[in-house]
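Have a look at the structure below, then the notes.
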Amino acid sequence: VQLQACGGGLVQIGGSLRLSCAASGPTFSSYAMGWFRQAPGKERDFVAVIGSGGSTNYADSVKGRFTISRDNAKNTVYLQMTSLKPEDTAVYYCAAKRNYAGHYSPTTYDYWGQGTLVTVSS
């Protein structure tokens, strides 16, 4: 599975962005898909996950502001981000794993995209 993330950019505080992650391969629908982010000098943190059956989970810091979704027909997972804050500034990565369990940990993911930079500024 190859993953290609896009949609990052510069946005003002309180603004919105939608990230996309396109996957190759015929088995996309069977994977749980996650979004992580990494700010400069910090660890890669869990943001959101969506299972093959549509179950979702979010980091507390983004609950109510971010929404993860998937379109299996397009082999794409999305991260809709609203009410953005400066602390959301990071490189955002999409990742794929074969099962839903342990989705908080980046070490459990099998495939990673290249990352897309989101900068939230006044």
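For the numbers below, each heavy atom of this structure counts, side chains included, while hydrogens, waters and symmetry mates do not.
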Inset, instruction - Evaluate the criterion side-chain contact (heavy atoms from CB on, under 4.5 Å) for residue pair Thr116 and Leu19; output intermediate values, then yes/no. - result: CA-CA 8 Å; Thr116 184; Leu19 306 182; 4.0 Å; yes
Inset, instruction - Spell out, with a plain yes or no, whether Cys21 and Cys6 have SG atoms under 2.5 Å apart. - result: no
Inset, instruction - Using the rule that two of Ile, Leu, Val, Met, Phe, Trp, Tyr join whenever any of their side-chain heavy atoms come within less than 4.5 Å, decide whether Tyr93 and Phe28 are in one cluster. - result: no
Inset, instruction - Report yes if some heavy atom in the side chain of Ser55 is under 4.5 Å from a heavy atom in the side chain of Tyr100; otherwise report no. - result: yes
Legend entry - Charged N-O contact under 4.0 Å between Lys63 and Asp60: yes
Inset, instruction - Count the heavy atoms of every other residue, nucleotide or ligand shown that sit under 6.0 Å from CD of Glu43, and state whether that count exceeds 12. - result: no
Legend entry - Taking every non-hydrogen atom, the tightest pair across Ser69 and Val77: O-CG2, 3.1 Å
Inset, instruction - Treat each ILVMFWY residue as a node, draw an edge where side-chain heavy atoms are under 4.5 Å apart, and state whether Tyr58 and Tyr104 are in one component. - result: no
Inset, instruction - Please check if the side chain of Thr108 supplies one atom and the backbone of Gly102 the other of a donor-acceptor pair under 3.5 Å. - result: yes
Legend entry - Thr119 versus Ser121, side-chain donor and acceptor atoms under 3.5 Å: no
Inset, instruction - Determine, stepwise, if the pair Asp71 / Tyr78 fulfils side-chain contact (heavy atoms from CB on, under 4.5 Å). - result: CA-CA 8 Å; Asp71 185 338; Tyr78 304 98; 4.0 Å; yes
Inset, instruction - Quick one: closest heavy-atom pair of Ser29 and Ser52, and the distance? - result: O-CB, 3.2 Å
Legend entry - Same apolar cluster: Val91 and Trp112, side chain cutoff 4.5 Å: yes
Legend entry - Heavy-atom neighbours of Gln2 CD exceed 12 at 6.0 Å: no
Legend entry - Test item: side-chain donor near acceptor, Lys74 and Asn72, under 3.5 Å: no
Inset, instruction - Working to the nearest 0.5 Å, report the span between OG1 of Thr107 and CZ of Arg44. - result: 11.5 Å
Inset, instruction - Mind listing the closest non-hydrogen atom pair of Ala32 and Val49 along with its distance? - result: CB-CG2, 4.4 Å
Inset, instruction - Please answer: with hydrophobic residues joined when any side-chain heavy atoms are less than 4.5 Å apart, are Phe66 and Ile13 in the same cluster? - result: yes
Legend entry - Audit row: Phe36, Tyr109, ring pair (Phe, Tyr, Trp, His ring centres under 6.0 Å) steps and yes/no: CA-CA 11 Å; Phe36 287 76; Tyr109 286 76; 5.0 Å; yes
Inset, instruction - Please name the pair of heavy atoms, one in Phe46 and one in Asn57, separated by the smallest distance, quoted to 0.1 Å. - result: CZ-O, 3.6 Å
Inset, instruction - Report yes or no: does Arg70 contribute a side-chain atom to a donor-acceptor pair with the main-chain N or O of Asn75 at less than 3.5 Å? - result: no
Legend entry - Donor-acceptor contact below 3.5 Å, side chain Ser83 vs main chain Arg65: no
Legend entry - Donor-acceptor pair, side chain of Lys85 and main chain of Thr89, under 3.5 angstrom: no
Legend entry - Main-chain N/O of Gln80 paired to Arg18 side chain as donor or acceptor, under 3.5 Å: no
Inset, instruction - Identify the heavy atoms of Leu84 and Leu17 that sit nearest to each other, and give their distance. - result: CD1-N, 4.0 Å
Inset, instruction - Starting at SG of Cys94, measure out to CD of Gln4 and round the result to the nearest 0.5 Å. - result: 8.5 Å
Legend entry - Val118 side chain reached by Met81 side chain, heavy atoms, under 4.5 Å: yes
Legend entry - Val11-Val62 co-clustered via ILVMFWY side chain contacts under 4.5 Å: yes
Inset, instruction - Please check if any side-chain donor atom of Arg98 sits under 3.5 Å from a side-chain acceptor atom of Tyr111, or the reverse. - result: yes
Legend entry - Shortest non-hydrogen contact from Ala95 toward Leu3: CA-CD1, 3.7 Å
Inset, instruction - Ignoring hydrogens and angles, state whether a donor on the side chain of Tyr92 or Arg37 is under 3.5 Å from an acceptor on the partner side chain. - result: yes
